[in-house]
Asker: 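Shown below is the structure under consideration.
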Amino acid sequence: MDRLVGRLLSELHAAFPVSVCPGDWAWTTTLAGGLVALFPVLGAIMAAIARRWTGNRYGVGPVVLFALIGATTTVLLPWLVFAGSSLVFRGALDGRAAAVGLTRADLGTLQTQLCFNTSQVGYLGGSRSVRQVLGDVSAGWGAVFAGAVALLVVLPLLCWLFVYFQAKIAFRRGPKWPARLLWVPMLLLMLATAPQSATVTAHLWLGFLPVAVVGMIAVAMVGAPRWSTLERRSAEAGAIEARSSSPPALPPAPPRESRPA
């Protein structure tokens, strides 16, 4: 998977080179975060479209469908990009550019310095993990630690908040609990980034946030299920429940034979 993510980063870097501090590869990573944010948006759109047929009926089939959408679009696919990006830059730091999907030219540009006293590959691939940065209580509440908290805790929570709103929009005109199938899994994604590079993770979240905000508009454009659809599905569910709960009909009594007086 790291080779596939490496090819994605390489193509993004070639298509959108931005030689501004903190570096073109840092901005490439931020752009990749914007692409990651499209996964939850697509998941919410798929859920909203599916509700046009299911209405507010949440049997086993619809619940399983929405759970799969949430697990895939808000945890699995984003985590693959988050973890793969850290592996790409850590592999580039070790000189294994080809092993992680980068080219020799990519490795050459990663060695450049723009605004820090370190190369871009050192900035992205040589960073400590999220867990180590946030767990370094000895750093106190200085500017660096406060910035780390803002980028690695507050920023992901903001991204989660807008994914939460996307789920609420997708499940409007119905019960609120099914929306949890879309936004609860993202909490697992935030925990799963703990062993990844802190700088890579921060740049991915930076790119994630604006797309998540705009994504609410995209989900809202799908529209809510029509009231006629909701009423028809509710009536069908009521009819099925009535048939299943009504006692079985008794067989008709046999006709009585008439005897002559």
Asker: Report yes if some heavy atom in the side chain of Leu209 is under 4.5 Å from a heavy atom in the side chain of Phe162; otherwise report no.
Answerer: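 The answer is yes; the side chains approach within 4.5 Å.
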
Asker: Taking side chain as C-beta onward, heavy atoms only, is Val88 less than 4.5 Å from Leu9?
Answerer: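 They are in side-chain contact.
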
Asker: Carefully, step by step, assess Thr109 and Trp25 under the rule side-chain hydrogen bond (donor to acceptor under 3.5 Å, both in side chains).
Answerer: CA-CA 8 Å; Thr109 56; Trp25 280 100; 2.8 Å; yes

Asker: Would you say the side-chain atoms of Thr193 pair up with the backbone N or O of Met190, donor to acceptor, closer than 3.5 Å?
Answerer: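 Answer holds: yes.
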
Asker: Heavy atoms only: give me the nearest Ala26-Leu124 pair and the separation to one decimal.
Answerer: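 Closest approach of Ala26 to Leu124: N-CD1, 4.1 Å.
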
Asker: Nearest heavy-atom pair of Ser10 and Asp106: which atoms, and what distance?
Answerer: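 The pair with the smallest heavy-atom distance is OG-OD2, 2.7 Å.
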
Asker: Holding to salt bridge (charged side-chain N to carboxylate O under 4.0 Å, His left out), I want the full list of residues that pass it with Arg7, two or more places apart in sequence or in another chain.
Answerer: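 Salt bridge (charged side-chain N to carboxylate O under 4.0 Å, His left out) list for Arg7, sorted by chain: Glu11.
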
Asker: Say whether, by atom type as modelled, one donor and one acceptor occur between the side chain of Gln166 and the main chain of Val219 under 3.5 angstrom.
Answerer: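 Flag not set: sc Gln166 to bb Val219 has no pair under 3.5 Å.
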
Asker: Which pair of heavy atoms, one from Ala212 and one from Ala37, lies closest together, and at what distance?
Answerer: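 Closest approach of Ala212 to Ala37: N-CB, 4.1 Å.
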
Asker: Sequence neighbours left out, what passes ring pair (Phe, Tyr, Trp, His ring centres under 6.0 Å) with Trp79? Give chain and number order.
Answerer: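 Listed in chain order: nothing, the list is empty.
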
Asker: Could you see if Val184 belongs to whatever hydrophobic cluster contains Leu157? Use Ile, Leu, Val, Met, Phe, Trp, Tyr and a side-chain cutoff under 4.5 Å.
Answerer: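 Both belong to a single hydrophobic cluster.
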
Asker: Can you list everything that forms a side chain to side chain contact (heavy atoms under 4.5 Å, CB included) with Leu68? Sequence neighbours excluded, please.
Answerer: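 Here the qualifying residues are Val64.
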
Asker: With a 4.5 Å heavy-atom cut-off, do Leu189 and Trp160 have their side chains touching?
Answerer: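 Leu189 does not reach Trp160 side chain to side chain.
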
Asker: Given 3.5 Å as the limit, does a donor-acceptor pair link the side chain of Trp27 with the main chain of Val20, or not?
Answerer: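 Yes, the answer is positive, given that a donor and an acceptor are paired below the 3.5 Å cut-off.
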
Asker: Kindly say whether Leu152 contributes a backbone atom to a donor-acceptor pair with the side chain of Trp205 at under 3.5 angstrom?
Answerer: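 Side chain of Trp205 to backbone of Leu152, a donor-acceptor pair under 3.5 Å: no, none is there.
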
Asker: About how many Å separate CG of Leu77 and CG of Leu35, when rounded to the nearest 0.5 Å?
Answerer: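 Here the rounded value is 12.5 Å.
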
Asker: Under 3.5 Å, is there a donor-acceptor pair linking the side chains of Ser129 and Gln196?
Answerer: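 No, no side-chain donor-acceptor contact under 3.5 Å.
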
Asker: Tell me if a side-chain donor or acceptor on Thr30 pairs with a main-chain N or O of Gly207 at a distance below 3.5 Å.
Answerer: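 Side chain of Thr30 to backbone of Gly207: no pair is present.
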
Asker: How long is the gap from CG on Leu191 to CZ on Arg131, to the nearest 0.5 Å?
Answerer: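 Those atoms lie 10.5 Å apart.
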
Asker: Treating Ile, Leu, Val, Met, Phe, Trp and Tyr as nodes and any side-chain heavy-atom pair under 4.5 angstrom as an edge, say whether Val200 and Val149 lie in one connected cluster.
Answerer: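 The answer is yes; both residues are in one hydrophobic cluster.
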
Asker: Is there a side-chain contact between Phe16 and Thr28 in this structure, where contact means two heavy atoms from C-beta onward sitting under 4.5 Å apart?
Answerer: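 The answer is no; the side chains never approach within 4.5 Å.
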
Asker: For Val130 and Ala198, which heavy atoms make the closest approach, and how far apart are they?
Answerer: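 Residues Val130 and Ala198, closest heavy atoms: CG2-CA, 3.9 Å.
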
Asker: Can you tell me how far OG1 of Thr112 sits from CG of Asp24, rounded to the nearest 0.5 angstrom?
Answerer: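 Separation between the atoms: 5.5 Å.
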
Asker: Would you say Trp183 and Val41 are hydrophobically clustered, going by side-chain heavy atoms of ILVMFWY under 4.5 Å?
Answerer: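 Yes, because Trp183 and Val41 connect within a single hydrophobic cluster, where side-chain heavy atoms sit under 4.5 Å apart.
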
Asker: For the hydrophobic clusters of this structure (ILVMFWY residues joined by side-chain heavy atoms under 4.5 Å, transitively), does one cluster hold both Val81 and Leu87?
Answerer: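 In one cluster: no.
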
Asker: Test Phe39 against Thr74 for side chain to side chain contact (heavy atoms under 4.5 Å, CB included), laying out the working first.
Answerer: CA-CA 7 Å; Phe39 292 133; Thr74 61; over 6 Å; no

Asker: So do Val163 and Leu182 actually touch side chain to side chain, heavy atoms under 4.5 Å?
Answerer: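 They are not in side-chain contact.
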
Asker: Any heavy-atom pair between the side chains of Arg51 and Phe66 that's under 4.5 Å?
Answerer: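 Phe66 reaches Arg51 side chain to side chain.
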
Asker: Is there a path from Phe82 to Leu8 through hydrophobic residues (I, L, V, M, F, W, Y) whose side chains come within less than 4.5 Å of each other?
Answerer: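 Per the 4.5 Å side-chain linkage, Phe82 and Leu8 are not co-clustered.
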
Asker: If every non-hydrogen atom of Gly84 is compared with every non-hydrogen atom of Val5, which pair is closest and at what distance?
Answerer: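 Distance-wise, the nearest heavy atoms are C-CG1, 3.8 Å.
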
Asker: Is the Phe89-Tyr123 ring centre distance short of 6.0 angstrom?
Answerer: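 No; Tyr123 has its ring centre 6.0 Å or more from that of Phe89.
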
Asker: If I take atom CD from residue Gln120 and atom OG1 from residue Thr199, how far apart are they, to the nearest 0.5 angstrom?
Answerer: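 Rounded to the nearest 0.5 Å, the CD-OG1 separation comes out at 11.0 Å.
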
Asker: Could you report the tightest heavy-atom contact between Arg90 and Gly125, atom names first, then the distance?
Answerer: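 So the minimum-distance heavy-atom pair works out to CG-O, 3.4 Å.
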
Asker: Do Leu65 and Ile69 touch side chain to side chain, with heavy atoms closer than 4.5 Å?
Answerer: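 A side-chain contact under 4.5 Å exists here.
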
Asker: Within this structure, what is the CG-NE2 distance for the pair Leu31 and His203, rounded to the nearest 0.5 Å?
Answerer: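 Between Leu31 CG and His203 NE2, I get 12.5 Å after rounding to 0.5 Å.
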
Asker: Taking atom CH2 of Trp177 and atom CZ of Phe171, what is their separation to the nearest 0.5 Å?
Answerer: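 Answer for the CH2-CZ pair, Trp177 versus Phe171, is 8.5 Å.
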
Asker: With a 4.5 Å cut-off on side-chain heavy atoms, are Gln111 and Val121 touching?
Answerer: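 Counting from C-beta outward, Val121 and Gln111 do come under 4.5 Å.
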
